[in-house]
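Below is one structure, written out as structure tokens; the observations come after it.
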Amino acid sequence: MTAVTKAQRRNIYIGIGLAFALFLAVYFVYQVRAVVLVLLLTLLFSVIISRPVDYLARKGLGRGLGTLTVFGTLTLALALGGVALGSVVESQAQQLVEDLPTLLSNAQHFIEGVQSRFGLDISLPDSQQLLDSARSFLSGGAFSTFISVGAGVANVVSLAVVVLISTIFAVARPAPLVNGFVVLFPAGRRERVREILEKMYKNVQRWFLGQLASMTIIGLLFTIALFFIGVPFALLLGILSGLLAFIPFVGPAISVIPPILLALAQEPISALWVLLAYAGVQFVEGNIVQPVVMSRAVSLHPVIIVFALLIMGTLFGFIGVLLAIPLVAALHVLVHELWVKRMNELGTDPDPPPKEEPLKMTERVNQLGRAAKDRFRRS
């Protein structure tokens with residue numbers, strides 16, 4: 001009885017110590033969150049850039065020259081993309097700014113018509129008052145706004161330079177960093193540590209490639225849909241929807257708001273077509289694109305994704321939201337390798353949960369075809 005009591009006390013003390021250590025770790029991370037943010041960005045960019053550099057290294061090209069080649073290619077691709085799409089996007093953005101007063105006025109008239117039809121009494125500010133308030137706010141605090149914006153831009157540029165330099169050196173010479181981390185563990189477990197790091201590395205790479213393909217397809221489909229519906233600034237809105245698709249759940253929901261407002265300001269019936277197009281794009285992305293491009297990556301539960309976005313957004317702001325999913329994907333591998341496998345070795349589950357295998361493209365198409373046939377027969 002005494003031994004059990006001592007063991008229980010020991011477990012209680014260990015639990016209290018771990019909770020206190022976790023609290024101190026979170027507090028420390030919050031205090032030095034800028035440094036942690038730079039570290040996380042460096043790790044993420046290093047993992048992404050390392051894939052083509054590894055390929056060039058296998059072909060016999062040195063890692064230093066391969067790193068410069070990959071960065072040069074990315075810079076050239078971004079420059080060509082900016083030249084090809086920059087003029088169109090810039091003209092649409094300028095046109096949007098010029099048409100904003102008219103669009104606000106049309107939207108206000110539409111809302112007033114809806115209010116009078118349904119007998120609602122909600123006071124709305126005039127569109128010209130909104131524009132005048134915005135201009136007076138900007139002109140009144142022009143100097144302070146300039147100082148704050150300038151300081152923010154300088155801070156972002158300095159952090160970006162640090163991340164860029166750190167990423168180049170990390171990709172060009174990863175072995176000293178990896179070996180320096182591995183030697184912190186006992187010699188008998190270092191091979192296991194290397195295996196876990198390799199799995200985390202490959203999992204984040206697969207996630208990024210799948211996410212990039214998904215963003216491209218969503219942006220392209222949404223641009224085409226808005227163009228045929230007749231919503232103005234289709235290319236600008238399509239690019240915005242593709243970029244916001246990087247943020248699960250929240251990004252796609254935000255991306256549909258601007259085209260709906262533009263459709264309401266021009267022709268209210270077009271807003272319904274925008275919603276239908278959005279639902280169609282999300283259906284294609286969730287039932288065809290996602291199972292194909294993400295079939296080899298880790299599938300995360302929506303609740304985990306939402307809390308990851310909330311925690312990282314609270315700690316690091318918008319950049320933390322962008323880092324949430326790759327960080328959780330890496331932690332998923334870490335928890336599975338260090339904890340779940342060890343728990344599975346302690347016994348046998350008499351009622352194990354069924355394994356969810358990702359569907360292949362042909363299986364998904366056949367499943368959708370059978371569902372369509374069943375609905376047709378019932379009708």
Side-chain angles (χ1 to χ4, degrees), residues 22-23 25-48 152 155-156 159-160 163 199-219 221-222 237-260 275 278-279 281-287 289-291 293-336 339-340 356 358:
L22 180 62
F23 174 77
V26 173
Y27 179 77
F28 178 76
V29 168
Y30 182 77
Q31 293 298 322
V32 295
R33 55 187 180 274
V35 178
V36 176
L37 184 62
V38 171
L39 176 61
L40 293 176
L41 287 172
T42 301
L43 291 175
L44 178 61
F45 291 147
S46 299
V47 171
I48 294 172
N155 187 29
V156 171
L159 293 180
V163 171
K199 290 182 179 180
M200 295 171 64
Y201 171 75
K202 291 182 178 180
N203 192 64
V204 175
Q205 284 186 337
R206 288 194 296 264
W207 166 84
F208 175 76
L209 290 177
Q211 191 66 37
L212 184 62
S214 179
M215 291 168 56
T216 304
I217 295 173
I218 289 175
L221 291 178
F222 210 53
L237 296 175
I239 294 176
L240 178 63
S241 65
L243 295 176
L244 289 176
F246 191 87
I247 307 173
F249 307 127
V250 180
I254 295 176
S255 66
V256 75
I257 295 177
I260 288 179
L275 284 176
Y278 171 77
V281 171
Q282 292 302 315
F283 177 82
V284 171
E285 193 271 339
N287 293 275
V289 177
Q290 194 76 10
V293 301
M294 291 294 191
S295 59
R296 298 179 60 194
V298 170
S299 179
L300 301 173
H301 196 278
V303 174
I304 297 177
I305 293 177
V306 169
F307 275 95
L309 294 174
L310 179 62
I311 293 172
M312 292 297 292
T314 303
L315 291 176
F316 304 109
F318 178 73
I319 303 298
V321 173
L322 301 180
L323 290 170
I325 307 306
L327 181 60
V328 172
L331 291 177
H332 183 276
V333 176
L334 191 64
V335 171
H336 183 269
W339 184 259
V340 176
E356 297 182 1

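Throughout, residue positions are numbered sequentially from 1 according to the sequence presented.
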Answer whether the closest heavy-atom distance between the side chains of [X] and [Y] falls below 4.5 Å.
X	Y	answer
Tyr278	Ser241	no
Phe318	Ile247	yes
Leu331	Leu334	yes
Ile325	Leu309	yes
Leu44	Leu322	no
Ile305	Val328	no

Has [X] got a side-chain atom pairing as donor or acceptor with [Y]'s backbone, closer than 3.5 angstrom?
X	Y	answer
Asn203	Val333	no
Ser214	Gln211	no
Gln205	Ile48	no

Restricting to non-hydrogen atoms, name the atom on [X] and the atom on [Y] that form the minimum distance, rounded to 0.1 Å.
X	Y	result
Pro326	Val204	O-CG2, 4.0 Å
Pro252	Gln282	CB-NE2, 3.7 Å
Val256	Ala253	CG1-O, 3.3 Å
Val281	Leu221	CG2-CB, 4.0 Å
Phe222	Ser255	CE2-O, 4.3 Å

Please round to the nearest 0.5 Å and tell me the distance separating atom [atom1] of [X] and atom [atom2] of [Y].
X	Y	atom1	atom2	value
Ile257	Leu244	CD1	CG	10.0 Å
Lys199	His336	NZ	NE2	8.0 Å
Leu237	Ile260	CG	CD1	11.0 Å

**OP:** Determine the sole option in Leu37, Leu323, Val321 for which the side chain to side chain contact (heavy atoms under 4.5 Å, CB included) test with Met312 is passed.
**Re:**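 That would be Leu323.
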**OP:** Kindly state whether the ring of Phe246 and the ring of Trp207 have centres lying under 6.0 angstrom apart.
**Re:** yes
